[in-house]
Amino acid sequence: MGWSWSNWKMWWSHDPFLQEVVRFSLWCRGITFFMQVAFNQLIPDHNADAFSPPRLGPNTLGDNIVELLFGGLGRWDAEHFLFIAEHGYVYEHNMAFFPLLPLLIGGLAQGPLLPLAGLLRLRSRLLISSAFLNCVCSTLAAVSLYLLGCVTLQSRRSAFLSALLFCMSPVSIFMASTYSESLYVLATFAGLWQLQKHRTICSSAFLSLATAARSNGLVNAGFLLHSTVKEAIQRKNYSGKLLQTIFGIVLIILPFVLFQCFCFVRSCLESDENQQIPQELVQLAIEKGYRVHKTHIPAWCSLRFPLAYSHIQSEYWDVGLFRYFKLQQLPNFLLASPVMILSICTILEYTSSNLELCRTLGLWKVQSKYTNGFYGPHVFVYVAHLAALTGFGFLCMHVQVLTRLLFSSCPVLYWFCSHVIHKNEPWILGLKRGKTVSNPALQLLLAWTSLQQGTRIILAYFFGYWVIGTALHVNFLPWT
């Protein structure tokens with residue numbers, strides 16, 4: 001079995017690449033934390049029109065200290081997750097946020113951190129819980145990306161550099177804040193790694209957790225479907241695979257279905273439940289026009305397919321085809337343009353070198369001079385996944401969200417950046433490896449003046465968005 005403690009110990013003790021990935025990830029998480037503290041204190045908060053529920057109860061000295069150190073991690077959508085973990089799904093628009101993260105941080109705050117209840121309010125304990133949880137999850141996600149890259153690319157050094165790039169990705173602040181990105185990317189990368197190892201049930205369990213964290217986890221069912229169709233066409237170990245795939249796809253979809261059922265029951269069915277809502281929250285609903293459950297039956301309950309998620313995204317966030325194509329949204333399109341360009345370059349670079357493979361959708365064996373690395377046949381499905389998410393995100397979503405959507409979902413972006421850097425800087429392949437390894441990401445920074453232009457652009461993008469994004473996000477400036 002791949003999940004025994006002895007195997008993990010063996011990997012850790014015999015793989016210096018893995019050790020360096022963990023060390024570098026923790027360093028990067030630490031740097032992000034200290035940057036958000038500094039920027040939060042140095043830059044005044046912008047008065048954004050964002051969800052900002054009242055704080056119930058007086059602050060203690062401990063609460064003030066927690067707000068000083070962790071307050072920057074509770075901005076924008078983080079307010080929703082913290083509110084849900086503290087009060088539940090009180091308002092209708094809260095149901096746009098899936099329950100896995102609130103459940104986990106709520107469990108940590110009401111469990112291991114419960115002895116601090118006399119010193120810290122629940123919200124403070126939730127902030128600490130989310131910071132710890134996301135640090136652990138993002139580090140394990142980097143490990144999962146490294147392991148996935150080793151299997152898919154068949155190149156440990158390419159996988160190693162990809163994992164290091166993930167540690168300092170343009171969406172690093174979202175991996176640290178009370179957002180579901182860290183949970184989602186861990187579940188997704190671990191699930192895809194297990195799928196590459198042909199462990200369908202284990203893979204489906206991880207991908208099911210991804211759906212419980214974010215709705216776009218539904219798209220991951222396509223990986224199982226492609227793998228099964230490919231094996232059926234190539235007649236490889238097909239017996240029993242179909243049933244496993246059907247079970248796996250059901251498992252991936254199940255969290256979404258269960259959560260929509262919960263939303264329907266909570267919003268649409270009459271109930272004698274007398275939920276006590278604090279008066280401050282009722283007053284906020286009156287002032288802002290928020291809908292509180294059970295006050296009336298919403299119109300979407302009578303639809304043929306009464307999906308709360310579709311209704312809320314459309315009504316509250318104006319999500320839909322071409323709805324974001326407005327002149328006033330031009331700055332947000334510019335903000336998303338680097339990841340759009342990177343995605344298009346990734347797709348074109350792969351497809352232009354694998355025309356026959358792409359023509360057959362990666363389902364049939366074709367003659368190719370590439371058997372591993374970025375151009376390898378196993379990478380096709382990840383390129384297709386990137387293309388689907390890029391197209392949907394650009395046409396239908398708030399386009400500024402595209403950066404964190406793609407960098408928390410698509411491993412192929414990191415593989416392409418690693419491929420370009422290795423191609424431009426072949427000298428990093430010769431870095432010494434012994435009981436410890438040289439960190440190529442750090443070596444690249446030290447050799448900045450001698451780097452090729454393409455390498456500089458990639459590193460500048462990663463570091464620039466990491467630093468600037470942190471400064472803007474923690475002060476309620478437009479970085480969501």
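Throughout, numbering of the chain's residues begins at 1 and tracks the sequence. All of these numbers come straight from a predicted model, not from anything done at the bench. Values below: every heavy atom of this structure, side chains too, minus hydrogens, waters and symmetry copies.
Ring planes of Tyr375 and Tyr350: parallel class, angle under 30° (limits at 30 and 60°).
Once rounded to the nearest 0.5 Å, the distance linking NZ of Lys197 with OG of Ser203 reads 13.0 Å. Atoms CZ and OG1, on Phe416 and Thr346 in that order, are 4.5 Å from each other to the nearest 0.5 Å. Thr403 OG1 to Asn332 CG: the interatomic distance, rounded to the nearest 0.5 Å, is 10.0 Å. Note: Ile252 CD1 to Thr211 OG1 = 6.0 Å, rounded to the nearest 0.5 Å. The CZ atom of Phe462 sits 7.0 Å away from the CD1 atom of Ile458 when rounded to the nearest 0.5 Å. From Leu73, atom CG reaches atom OG1 of Thr470 across 9.5 Å, with rounding to the nearest 0.5 Å.
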Notebook entry, point to check: Does the side-chain contact (heavy atoms from CB on, under 4.5 Å) test come out yes or no for Phe392 and Met397, once each step is laid out?
Noted result: CA-CA 7 Å; Phe392 177 79; Met397 294 174 57; 3.8 Å; yes
Check: side-chain contact (heavy atoms from CB on, under 4.5 Å) between Trp466 and Met35: does it pass, once the steps are laid out?
Finding: CA-CA 10 Å; Trp466 180 10; Met35 278 199 300; 3.4 Å; yes
Next item on the list: Could you please spell out the steps behind the side chain to side chain donor-acceptor pair (under 3.5 Å) verdict for Thr455 and Glu425?
Entry: CA-CA 8 Å; Thr455 305; Glu425 321 296 338; 2.8 Å; yes
Note to self: For Leu413 and Ser343: C-alpha separation, side-chain torsions, deciding distance, then whether side-chain contact (heavy atoms from CB on, under 4.5 Å) applies.
What the structure shows: CA-CA 7 Å; Leu413 283 178; Ser343 298; 3.9 Å; yes
Next item on the list: Check the pair Phe166, Phe407 against ring pair (Phe, Tyr, Trp, His ring centres under 6.0 Å), reporting the backbone distance first and the verdict last.
Entry: CA-CA 8 Å; Phe166 171 83; Phe407 275 107; 9.3 Å; no
Note to self: Would Ile428 and Gln443 count as a side-chain contact (heavy atoms from CB on, under 4.5 Å) here? Give the steps.
What the structure shows: CA-CA 8 Å; Ile428 67 171; Gln443 296 298 322; 5.5 Å; no
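Of all heavy-atom pairs between Ala142 and Ala163, the closest is O-CB, 3.6 Å. In terms of heavy-atom proximity, Leu402 sits nearest to Gly393 at CD1-CA, 3.7 Å. Leu357 approaches Pro377 most closely through the heavy-atom pair CD2-CA, 3.7 Å. Across Leu101 and Ser180, no two heavy atoms sit closer than the pair CD2-N, 3.8 Å. Contact between Asn134 and Ala176 at its shortest, heavy atoms only, is ND2-O, 3.8 Å. Contact between Gly71 and Asn40 at its shortest, heavy atoms only, is C-ND2, 4.0 Å.
Applying the side chain to side chain donor-acceptor pair (under 3.5 Å) rule to Glu86 yields no partners; only residues at least two apart in sequence or on another chain are considered. Legend: residues meeting side chain to side chain donor-acceptor pair (under 3.5 Å) with Ser130, ordered by chain and number and at least two apart, are Thr178. Residues passing the side chain to side chain contact (heavy atoms under 4.5 Å, CB included) test with Leu284 are Phe51, Pro53, Pro54, Tyr91, Lys288, Tyr290, sequence neighbours excluded. Every residue two or more places apart in sequence or in another chain that forms a side chain to side chain contact (heavy atoms under 4.5 Å, CB included) with Ile65 is listed here: Leu61, Leu69. Judged as a side chain to side chain donor-acceptor pair (under 3.5 Å), and not counting sequence neighbours, the contacts of Tyr309 are Ser215, Gln313. For Arg55, the salt bridge (Lys or Arg N to Asp or Glu O under 4.0 Å) partners are Glu79, not counting sequence neighbours. Qualifying side chain to side chain donor-acceptor pair (under 3.5 Å) partners for Gln196, counting only residues two or more places apart in sequence or in other chains: Tyr382.
Contacts classified as salt bridge (Lys or Arg N to Asp or Glu O under 4.0 Å) and involving residues 25-46 (residues at least two apart or in different chains) are given here: Asp45-Arg75. The side chain to side chain donor-acceptor pair (under 3.5 Å) analysis of residues 96-122, with sequence neighbours excluded, yields the pairs Asn59-Arg121. Pairs engaging residues 105-148 under the ring-ring contact (aromatic ring centres under 6.0 Å, His included) rule: none recorded [sequence neighbours left out]. Pairs passing the salt bridge (Lys or Arg N to Asp or Glu O under 4.0 Å) check and including a residue from residues 126-152, sequence neighbours excluded, do not occur. The salt bridge (Lys or Arg N to Asp or Glu O under 4.0 Å) analysis of residues 392-418, with sequence neighbours excluded, yields the pairs Asp77-Arg404, Glu181-Arg404.
The shortest distance between side-chain heavy atoms of Leu224 and Leu195 falls below 4.5 Å. Side-chain contact between Val412 and Phe374 is present, with at least one heavy-atom pair separated by less than 4.5 Å. Taking 4.5 Å as the limit, every side-chain heavy atom of Phe39 sits out of range of all side-chain heavy atoms of Ile468. Counting only heavy atoms from C-beta outward, the side chains of Asn354 and Val379 never approach each other to under 4.5 Å. Using a 4.5 Å cut-off on side-chain heavy atoms (C-beta onward), Cys417 and Leu342 make contact. In this structure the side chain of Arg214 never reaches within 4.5 angstrom of the side chain of Leu100, judged on heavy atoms. At least one side-chain heavy atom of Leu56 sits under 4.5 Å from a side-chain heavy atom of His87. Using a 4.5 Å heavy-atom threshold, the side chains of Gln453 and Asn424 count as separate.
Ring centroid separation for the pair Trp27 and Phe24 does not come in under the 6.0 Å cut-off. Taking the six-membered ring for Trp and the full ring otherwise, the centers of His473 and Tyr179 sit less than 6.0 Å from each other.
Around atom CZ of Phe262, more than 12 heavy atoms belonging to other residues, nucleotides or ligands sit under 6.0 Å away.
When atom types are taken as modelled, the side chain of Arg456 and the backbone of Trp448 share a donor-acceptor pair closer than 3.5 angstrom.
If you run ring-ring contact (aromatic ring centres under 6.0 Å, His included) between Phe160 and each of Trp415, Tyr414, Phe17, only Phe17 comes through.
There is no side-chain donor-acceptor pair under 3.5 Å between Ser155 and Asn372.
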